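Data block below; observations after.
Naming: A, B, ... by sequence-line order, numbering from 1 per chain. None of these values were measured; they are calculated from a predicted model.
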Number of protein chains: 2
Amino acid sequence: MAEKKIHKSESKCTIQQILDVIGGKWSMSIIYALVPGKLRFKELERLIPGISTRMLVKELKNMEANKILTRTVFATVPPTVEYALTEKGVKLRPILDEMAKWGEEYVA
Amino acid sequence: MAEKKIHKSESKCTIQQILDVIGGKWSMSIIYALVPGKLRFKELERLIPGISTRMLVKELKNMEANKILTRTVFATVPPTVEYALTEKGVKLRPILDEMAKWGEEYVA
DNA sequence: CCGCATCCGGTCTGATACTG
DNA sequence: CAGTATCAGACCGGATGCGG
């Protein structure tokens with residue numbers, strides 16, 4: 001009976017609220033790239049094939065607003081901006097792992 | 001060292017391929033609604049607040065094409081169409097559960 | 001050169017109206 | 001009931017521009 005907990009104690013459709021935070025088309029890819037450690041803007045752009053500069057900026061902003069990652073600016077001669085996951089962001093790994101498991105079995 | 005498996009044996013960014021299947025704005029909500037059992041079109045529409053008929057049709061078609069759910073038509077007088085998760089679709093529950101857990105802790 | 005804002009064309013989404 | 005057709009508006013991606 002405990003297995004149906006998800007269907008009784010949950011508010012209603014938190015899913016939509018969750019997706020507002022991590023449902024972005026590239027959010028998961030960004031998180032995945034940042035799991036090993038912080039990265040610069042350009043590094044992220046290179047690590048995520050297919051993403052556009054514009055969308056990367058947008059997603060990063062949204063994720064920063066949602067406290068999933070932090071943005072640190074260094075006033076160096078070539079501008080340097082580093083992005084790193086917060087604890088809230090790191091805790092998304094289980095979701096990522098489950099997705100990867102499912103993908104390996106049914107997609108790959 | 002086994003814990004980094006996700007970052008070495010994985011193709012590259014399967015994430016995008018996975019998201020093509022379950023990354024739709026409403027996919028997860030539909031799956032969530034269908035976990036307890038099959039539902040008719042109108043029932044789904046009622047269970048998912050905010051979705052439009054058009055998007056529901058579209059997502060259902062996409063998910064059917066991706067073998068996540070099945071569509072069964074009954075030639076009754078008032079048309080009846082039932083949607084049910086396939087095994088591939090049921091196996092998405094762990095992801096849903098992880099998302100719910102994360103959401104309860106950080107969103108709700 | 002890096003990080004990002006802006007402009008522009010194409011795609012997707014949502015509300016409504018209509019068919020079998 | 002179960003969808004399709006349509007139109008306007010939001011959104012996405014590529015190229016360009018600009019300060020540091």
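Annotation: side-chain contact (heavy atoms from CB on, under 4.5 Å) contacts of A/Val73 (sequence neighbours excluded): A/Arg71, A/Val81. With sequence neighbours excluded, the residues forming a salt bridge (Lys or Arg N to Asp or Glu O under 4.0 Å) with B/Lys101 are B/Glu98, listed by chain and number. Residues passing the salt bridge (Lys or Arg N to Asp or Glu O under 4.0 Å) test with A/Glu82 are A/Lys38, sequence neighbours excluded. Scanning for side-chain hydrogen bond (donor to acceptor under 3.5 Å, both in side chains) contacts around A/Thr72 gives an empty result, with sequence neighbours left out.
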Can you give the donor-acceptor pairs under 3.5 Å from side chains of residues 84-92 of chain B to other protein atoms, not counting sequence neighbours?
residue : atom : partner  : partner atom : Å
B/Thr86 : OG1  : B/Lys67  : O            : 2.5
B/Thr86 : OG1  : B/Ile68  : O            : 3.0
B/Thr86 : OG1  : B/Lys88  : N            : 3.3
B/Thr86 : OG1  : B/Gly89  : N            : 3.2
B/Glu87 : OE2  : A/Tyr106 : OH           : 3.0
B/Glu87 : OE2  : B/Lys91  : NZ           : 3.1
B/Lys88 : NZ   : B/Asn66  : O            : 2.8
B/Lys91 : NZ   : A/Tyr106 : OH           : 3.0

Please list, one pair per line, the donor and acceptor atoms closer than 3.5 Å that link side chains of residues 48-57 of chain A to other protein atoms, with sequence neighbours excluded.
residue : atom : partner : partner atom : Å
A/Ser52 : OG   : A/Met55 : N            : 3.3
A/Thr53 : OG1  : A/Glu45 : OE2          : 2.6

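For residues 43-101 of chain A, no pair satisfies ring-ring contact (aromatic ring centres under 6.0 Å, His included), with sequence neighbours left out. Among pairs with a residue in residues 15-33 of chain A, none fulfils salt bridge (charged side-chain N to carboxylate O under 4.0 Å, His left out), at least two apart in sequence or across chains.
The CE atom of A/Met63 lies 5.0 Å from the OG atom of A/Ser27; values are rounded to the nearest 0.5 Å.
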In 5'-to-3' order, the base (B), backbone-only (S) or no-contact (-) status of each nucleotide in nucleotides 5-20 of chain C, using a 4.0 angstrom heavy-atom cut-off, is SBB-----BBB----B
Decide yes or no on side chain to side chain contact (heavy atoms under 4.5 Å, CB included) for A/Leu60 and A/Leu44, but give the supporting numbers first. CA-CA 10 Å; A/Leu60 287 172; A/Leu44 277 172; 4.0 Å; yes
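No contact: B/Phe74 has no heavy atom under 4.0 Å from any strand.
Of all nucleotides in DNA chain D having an atom under 4.0 Å from a heavy atom of chain B, the first and last in 5' to 3' order are D/dC1 to D/dT6.
Near DNA chain C, meaning a heavy atom under 4.0 Å from it, residues 37-44 of chain A has A/Arg40, A/Phe41, A/Lys42 in order of number.
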